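This report concerns only the one structure given below.
This structure is a prediction, so every number in the text was calculated from the model and none was measured.
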Amino acid sequence: MFKLPNLPYAYDALTGVISKKIMELHHDKHHATYVNTLNETVKGTEFENMEIEELLRNIKKIPENIRTKVQNHGGGHANHSLFWEIMRTPVENNAPTGNALTQINKTFGSFEKLTDEMNTAGKMRFGSGWSWLVKTSGGDLKIYSTANQDSPLMQGDTPILGIDVWEHAYYLDYFSDRASYLTKWWQVVNWDEVEKRLG
Ligand code: MN3
């Protein structure tokens, strides 16, 4: 059984960047539906007691008759579980420090280049999806976007930081202005959590 995690902060903790209303709907309705549908889909199979990361890393081994549902709802569960954890109360001029900054500078040249590249990946994603910073199995940092709820785990990468660019993530606050949402979103990044994941 997969379980909906609690938010690590109050629903109104991200106010100014993401409203309480969005957080309530996003967590209690969207994420809850991914978890419930995933549980219904894998009930009684050998997959119901797997860790979500293991399930998604082995997506190609899932029987074809349930694979698309596991991909969409399992991906949705993993992606949102990470998303809640890497956010916190907004801070102006929020930026990585220490080891996270060192790794970002080494791969992308600067923090500004990382945000530009991730925002571009998010803007270019047609329809629904995510913009990701991932670590490859070889230990390299990479930026790309995925469609729908596809997780980097499905292609063997480890997600470090992800931005939800589905309309449900921003529409009530930003309407169709995905670019403004992306620009503002960086204020809520919890760099301590990101640094832990970077290793
Ligand atoms: Mn979402």
Q.
Side chains of Trp191 and Thr97 only: does a donor on one sit below 3.5 Å from an acceptor on the other?
A. no

Q: Examine distances only and state if a side-chain atom of Asn39 and a backbone atom of Phe2 form a donor-acceptor pair shorter than 3.5 Å.
A: yes

Q.
If I take atom CE from residue Met23 and atom CD1 from residue Ile18, how far apart are they, to the nearest 0.5 angstrom?
A. 6.0 Å

Q) Are the side chains of Thr33 and His30 in touch, meaning some heavy atoms are under 4.5 Å apart? A) no

Q.
Ignoring hydrogens, what is the shortest heavy-atom contact between Gln103 and Gly199? Give both atom names and the distance.
A. NE2-O, 3.1 Å

Q. Are any non-hydrogen side-chain atoms of Lys142 and Trp132 less than 4.5 angstrom apart?
A. no

Q: Only pairs at least two apart or in different chains count here, so list each side chain to side chain donor-acceptor pair (under 3.5 Å) that has a residue in residues 106-122.
A: Asn119-Trp186

**Q.** Interatomic spacing from CD1 in Ile104 to CZ in Phe111 - rounded to 0.5 Å
**A.** 6.5 Å

Q) Ignoring hydrogens and geometry, is there a side-chain-to-backbone donor-acceptor pair from Asp177 to Ser180 under 3.5 Å? A) yes

**Q.** Spacing of Leu198 atom CG and Leu133 atom CG [to the nearest 0.5 Å]
**A.** 6.5 Å

Q) Going by distance alone, is a donor N or O of one side chain under 3.5 Å from an acceptor N or O of the other, for Tyr144 and Asp157? A) yes

(Q) Would you compute the distance between atom NZ of Lys135 and atom CG of Leu141 and round it to the nearest 0.5 angstrom? (A) 6.0 Å

**Q.** Same apolar cluster (I L V M F W Y, side chains within < 4.5 Å links), Leu153/Trp84
**A.** no

For a quick test of your reading: what N or O donor-acceptor pairs under 3.5 Å do the side chains of residues 44-53 make, sequence neighbours left out?
from	atom 1	to	atom 2	distance (Å)
Thr45	OG1	Val42	O	2.7
Thr45	OG1	Phe47	N	3.1
Glu48	OE1	Gly44	N	3.3

Q. Phe83 and Trp130: aromatic ring centres closer than 6.0 Å?
A. yes

Q.
Are the side chains of Ile62 and Leu55 in contact, using a 4.5 Å heavy-atom criterion?
A. yes

Q | Between Tyr170 and Arg178, a side-chain donor and acceptor under 3.5 Å | A | yes

**Q.** Heavy-atom donor-acceptor pair, Asn79 side chain to Asp164 backbone, under 3.5 Å
**A.** no

**Q.** From NZ (Lys20) to CG (Asp173), nearest 0.5 Å
**A.** 13.5 Å

**Q.** Residues Glu54 and Arg57 bridged, charged N to O under 4.0 Å
**A.** no

(Q) Apply side chain to side chain contact (heavy atoms under 4.5 Å, CB included) to residues Leu38 and Val35 and explain how you reach the verdict. (A) CA-CA 5 Å; Leu38 176 63; Val35 173; 5.8 Å; no

**Q.** Main-chain N/O of Thr146 paired to Asp150 side chain as donor or acceptor, under 3.5 Å
**A.** no

(Q) When you group the ILVMFWY residues by side-chain heavy-atom contacts below 4.5 Å and let the links chain together, are Leu172 and Tyr11 in the same group? (A) yes

Q) Going by an N to O cut-off under 4.0 Å, is there a salt bridge joining Arg197 and Glu85? A) yes

Q. With distance as the sole test, does Asn190 use its side chain to make a donor-acceptor pair with the main-chain N or O of Glu193 at under 3.5 Å?
A. yes

(Q) I'd like to know whether NZ of Lys69 has more than 12 heavy-atom contacts from other residues, nucleotides or ligands below 6.0 angstrom. (A) no

Q. Going hydrophobic residue to hydrophobic residue with side-chain gaps under 4.5 angstrom, can you get from Met118 over to Leu101?
A. yes

(Q) Just to verify, which of His77, His80, His26 counts as forming a side-chain hydrogen bond (donor to acceptor under 3.5 Å, both in side chains) with His31? (A) His77

Q. Under 3.5 Å, side chain of Arg125 to main-chain N/O of Val165, donor-acceptor pair present?
A. no

Q: Give a yes or no on whether the backbone of Ala121 and the side-chain of Ser131 come within a donor-acceptor separation of less than 3.5 Å.
A: no

Q: Give a yes or no on whether the backbone of Ser19 and the side-chain of Glu24 come within a donor-acceptor separation of less than 3.5 Å.
A: no

Q) So Val188 and Trp185, side chain to side chain contact (heavy atoms under 4.5 Å, CB included) or not? Walk me through it. A) CA-CA 6 Å; Val188 297; Trp185 183 81; 3.9 Å; yes

Q) Which atom names give the shortest non-hydrogen contact between Leu56 and Gly75, and what distance separates them? A) CD2-N, 3.8 Å

Q: Report the C-alpha separation of His168 and Tyr171 in whole Å, then their side-chain angles, then the decisive distance to 0.1 Å, and conclude whether the side chain to side chain contact (heavy atoms under 4.5 Å, CB included) test is met.
A: CA-CA 6 Å; His168 69 225; Tyr171 203 86; over 6 Å; no

(Q) Using only atom types and a distance under 3.5 Å, with no angle test, would you say the side chain of Asn94 pairs donor to acceptor with the backbone of Val189? (A) yes

Q) Under a 4.5 Å side-chain heavy-atom rule over Ile, Leu, Val, Met, Phe, Trp and Tyr, are Met87 and Leu4 clustered together? A) no

Q: Report the distance from atom OG1 of Thr102 to atom CD of Glu195, rounding to the nearest 0.5 Å.
A: 8.0 Å

Q) Going only through I, L, V, M, F, W and Y residues with side-chain contacts under 4.5 Å, is there a path from Tyr34 to Ile66? A) no

Q | Side-chain donor or acceptor of His73 paired with backbone N/O of Gln149 under 3.5 Å | A | no

